[in-house]
A.B. asks: 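One structure follows; several queries about it will come next.
Being a predicted model, the structure only gives us computed values, none of them experimental.
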Amino acid sequence: QVQLVESGGGLVQAGGSLRLSCAASGRTFSVHGMGWFRQDPGKEREFVAAISWIGGATYYADSVKGRFTISRDNAKNTLYLQMNSLKPEDTAVYFCAAGPTVGVYSRAYDYWGQGTQVTVSS
């Protein structure tokens, strides 16, 4: 119903920056909230940031506050995550998510992208 495709992941040195993108397509009319989650093998998926698609209200995990910025381009149906001052702890597969509401838990979202790998070396 809704397709999400992440891009922009890669290798970066600690302290560096990276920008992730998530292109949404399909039946996006019901999407009012989008967010980013991340996960490493053997760990639970954790919330990173979220945004209200219309109003633009943003939410961040404490671990990324002041370093990451979530934004969206409504005309392009694209979500972004600007990541600055990256740390090795930020290494994970980053997933884009969309749903009828905005939230900080996985259950708030119905659609998920395939993920993009972010690796931060020390």
A.B. asks: Identify the two heavy atoms, one from Pro100 and one from His32, that lie closest to each other, and give their separation to 0.1 Å.
C.D. replies: O-CB, 3.2 Å

A.B. asks: Looking at every non-hydrogen atom in both residues, tell me the closest pair between Ser85 and Arg67 and how far apart they are.
C.D. replies: O-NH1, 2.9 Å

A.B. asks: What I'd like to find out is whether the side chain of Ile51 reaches to under 4.5 Å of the side chain of Leu79, using heavy atoms alone.
C.D. replies: yes

A.B. asks: Do you know the tightest heavy-atom contact between Met34 and Cys96?
C.D. replies: CE-SG, 3.6 Å

A.B. asks: Within the structure provided, determine whether Met83 and Val120 are in side-chain contact (heavy-atom separation under 4.5 Å).
C.D. replies: no

A.B. asks: What's the separation between atom CG in Asp90 and atom OG1 in Thr119, rounded to the nearest 0.5 Å?
C.D. replies: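 Between Asp90 CG and Thr119 OG1, I get 11.0 Å after rounding to 0.5 Å.
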
A.B. asks: From Asn77 CG over to Gln3 CD, what is the distance, rounded to the nearest 0.5 angstrom?
C.D. replies: 11.5 Å

A.B. asks: Are Tyr111 and Tyr80 connected in a single hydrophobic cluster, I mean Ile/Leu/Val/Met/Phe/Trp/Tyr linked by side-chain heavy atoms less than 4.5 Å apart?
C.D. replies: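 No, Tyr80 and Tyr111 fall in different hydrophobic clusters.
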
A.B. asks: Could you check Thr58, Leu20, Val48 and say which one makes a side-chain contact (heavy atoms from CB on, under 4.5 Å) with Ile70?
C.D. replies: Thr58

A.B. asks: Take Tyr94 and Glu6 through the side chain to side chain donor-acceptor pair (under 3.5 Å) test and state the conclusion after the steps.
C.D. replies: CA-CA 8 Å; Tyr94 283 69; Glu6 303 96 334; over 6 Å; no

A.B. asks: Evaluate the criterion side chain to side chain contact (heavy atoms under 4.5 Å, CB included) for residue pair Thr28 and Trp53; output intermediate values, then yes/no.
C.D. replies: CA-CA 11 Å; Thr28 61; Trp53 198 252; over 6 Å; no

A.B. asks: What heavy-atom pair brings Ser121 and Gln13 nearest, and what distance separates the two atoms?
C.D. replies: OG-NE2, 3.0 Å

A.B. asks: Can you sort out the partners of Glu89 under side chain to side chain contact (heavy atoms under 4.5 Å, CB included), two or more places apart, ordered by chain and number?
C.D. replies: Lys87

A.B. asks: When clusters are formed by joining ILVMFWY residues with side-chain heavy atoms under 4.5 Å apart, either directly or through shared neighbours, do Leu18 and Val5 land in the same one?
C.D. replies: no

A.B. asks: For Lys76, does its backbone N or O pair with a side-chain atom of Asp73 as donor and acceptor, under 3.5 Å?
C.D. replies: yes

A.B. asks: Starting from the C-alpha separation in whole Å, work towards a yes-or-no answer on side chain to side chain contact (heavy atoms under 4.5 Å, CB included) for Leu86 and Phe68.
C.D. replies: CA-CA 9 Å; Leu86 284 163; Phe68 291 10; 3.8 Å; yes

A.B. asks: How long is the span from the CZ atom in Arg19 to the OG atom in Ser71, to the nearest 0.5 Å?
C.D. replies: 6.0 Å

A.B. asks: Ignoring hydrogens, what is the shortest heavy-atom contact between Pro88 and Ser122? Give both atom names and the distance.
C.D. replies: CG-CB, 3.8 Å

A.B. asks: Side chains of Thr91 and Gln117, heavy atoms from C-beta outward: is any pair under 4.5 Å?
C.D. replies: yes

A.B. asks: Might you point out which heavy atoms bring Asn84 and Ser17 nearest each other, and give the distance in Å?
C.D. replies: OD1-OG, 2.9 Å

A.B. asks: Do Leu81 and Arg38 have side-chain heavy atoms sitting under 4.5 Å apart?
C.D. replies: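 They are not in contact (no side-chain heavy atoms under 4.5 Å apart), so the answer is no.
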
A.B. asks: Does Ala92 offer a backbone N or O that forms a donor-acceptor pair with the side chain of Gln39 under 3.5 Å?
C.D. replies: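 Answer holds: no.
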
A.B. asks: Please write out which residues are connected to Phe37 in a hydrophobic cluster, directly or through intermediates, given that two of Ile, Leu, Val, Met, Phe, Trp, Tyr count as joined at side-chain heavy-atom separations below 4.5 angstrom.
C.D. replies: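 Members other than Phe37 - counting any ILVMFWY side chain reachable under 4.5 Å - are Phe47, Tyr59, Val93, Phe95, Val102, Val104, Tyr105, Tyr109, Trp112.
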
